[in-house]
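To start, the structure under review is shown below, and the notes come after it.
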Amino acid sequence: MLRIAACAKRLVGTASFEAPIPAARVLPRFYHERVVDHYDNPRNVGSFDKNDPTVGTGLVGAPACGDVMKLQIKVDEVTGKIVDARFKTFGCGSAIASSSVATEWVKGKQMEEVLTIKNTEIAKHLSLPPVKLHCSMLAEDAIKAAVKDYEAKKASAAAATA
């Protein structure tokens, strides 16, 4: 018995039972240059007074990933054009870039026109991979929510004066 234990000690001490782990080659994932640009230099970051009757606020989130996006539009009441837009986003680079692009695209457009902006257009513009498509969906939803909020404020003000 003693001889077997000594022999086992020698084997354990000299032989390695673990196969060497080859060095794994990790390929970096690169964002498209437009995503990096909008992440590094986001356009229209900030917020407006949500109680301003000319401001519509859209607040949306994605429970699966934790991204939260607030997009606000400022509307010229006479022309119905969106004169300015702001956003605040808590999320990944793709979510921030999608918000930034959305605010650029809505400025200077009529309310009806911005409702035609689709997440697929934002995703294509930013070259988002399929796993990040939810970011562009958030941007589309935020635009729609901001327009809906503005229209609700407008209707409420009209009802109050009638």
Side-chain angles (χ1 to χ4, degrees), residues 23-162:
R25 191 169 153 221
V26 178
L27 297 174
R29 290 189 178 204
F30 294 107
Y31 280 107
H32 189 274
E33 63 187 37
R34 284 192 205 101
V35 174
V36 174
D37 179 40
H38 279 275
Y39 177 78
D40 286 341
N41 307 297
R43 281 67 149 183
N44 310 306
V45 175
S47 60
F48 300 121
D49 177 9
K50 66 180 181 180
N51 297 318
D52 182 342
T54 66
V55 171
T57 302
L59 183 63
V60 295
C65 66
D67 290 350
V68 178
M69 188 179 293
K70 179 175 87 169
L71 187 140
Q72 294 180 299
I73 55 173
K74 191 173 195 78
V75 182
D76 181 329
E77 293 181 285
V78 176
T79 63
K81 273 191 176 180
I82 296 171
V83 293
D84 205 357
R86 296 276 182 262
F87 81 93
K88 284 189 178 182
T89 295
F90 177 79
C92 65
S94 297
I96 292 167
S98 294
S99 305
S100 179
V101 166
T103 58
E104 283 197 318
W105 286 6
V106 300
K107 287 202 286 187
K109 294 192 171 130
Q110 294 290 332
M111 301 281 280
E112 303 79 32
E113 193 177 354
V114 300
L115 291 174
T116 65
I117 295 173
K118 299 294 175 208
N119 70 296
T120 51
E121 296 168 327
I122 296 170
K124 186 176 179 182
H125 178 74
L126 293 172
S127 299
L128 294 179
V131 73
K132 293 294 184 177
L133 289 181
H134 67 279
C135 299
S136 61
M137 289 180 207
L138 277 179
E140 179 185 345
D141 292 344
I143 292 168
K144 289 178 179 176
V147 169
K148 185 177 180 180
D149 180 59
Y150 171 76
E151 289 176 343
K153 280 183 183 180
K154 191 175 171 183
S156 177
T161 58

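Computed over heavy atoms, backbone and side chain alike; hydrogens, waters and symmetry mates excluded. Count residues from 1 along the sequence. Nothing here was measured: the structure is a model prediction, and the numbers come from that model.
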All side-chain contact (heavy atoms from CB on, under 4.5 Å) counterparts of Thr120, not counting sequence neighbours:
Lys118

Test: Arg43 and Asp37 ion pair at under 4.0 Å
yes

Value rounded to 0.5 Å, distance of OG1 in Thr79 from CE in Met111:
10.5 Å

Residues Ser99 and Phe87: closest non-hydrogen pair is CB-CD1, 3.3 Å

Taking it one step at a time, do Ser127 and Val35 satisfy side-chain contact (heavy atoms from CB on, under 4.5 Å)?
CA-CA 8 Å; Ser127 299; Val35 174; over 6 Å; no

Within the structure provided, determine whether Asp84 and Lys107 are in side-chain contact (heavy-atom separation under 4.5 Å).
yes

Counting N and O atoms only, with roles assigned by atom type, does the side chain of Lys70 sit under 3.5 Å from a partner on the main chain of Phe90, one being a donor and the other an acceptor?
no

If every non-hydrogen atom of Gly46 is compared with every non-hydrogen atom of Arg86, which pair is closest and at what distance?
O-CB, 3.3 Å

Minimum heavy-atom distance Leu128-Ser136, with the two atoms named:
CD1-CB, 4.0 Å

Only one of Thr103, Asp49, Thr57 passes side-chain hydrogen bond (donor to acceptor under 3.5 Å, both in side chains) with Gln72; say which it is.
Thr57

Got a sec: does the NZ of Lys154 have more than 12 other heavy atoms crowding it under 6.0 Å?
no

Could you go through the side-chain contact (heavy atoms from CB on, under 4.5 Å) check for Glu140 and Lys144 one step at a time?
CA-CA 6 Å; Glu140 179 185 345; Lys144 289 178 179 176; 2.8 Å; yes

Indicate yes or no: does Lys50 engage Asp149 in a salt bridge with an N to O separation below 4.0 Å.
no

Is the number of heavy atoms from other residues, nucleotides or ligands under 6.0 Å of Tyr39 OH greater than 12?
no

CG of Leu71 to CG of Leu138, rounded to nearest 0.5 Å, is 11.0 Å

Residue from Asp52, Val147, Val55, Ile82 passing side-chain contact (heavy atoms from CB on, under 4.5 Å) with Val75:
Ile82

Kindly compute the distance separating OG (Ser98) from CG (Leu133), expressed to the nearest 0.5 Å.
9.0 Å

Smallest heavy-atom separation, His38 atom then Leu126 atom, equals CD2-CD2, 4.3 Å

At what distance, to the nearest 0.5 angstrom, does CG of Asn119 lie from CE of Met137?
5.0 Å

Value for OG1 (Thr116) from CD (Glu121), rounded to nearest 0.5 Å, stands at 6.5 Å

Provide the closest heavy-atom pair for Met69 versus Cys135 in the form atom of the first, atom of the second, distance.
CE-O, 3.9 Å

Heavy atoms only: give me the nearest Gly91-Ile96 pair and the separation to one decimal.
O-CD1, 3.7 Å

Side chain proximity check, Trp105 to Glu113, heavy atoms < 4.5 angstrom
no

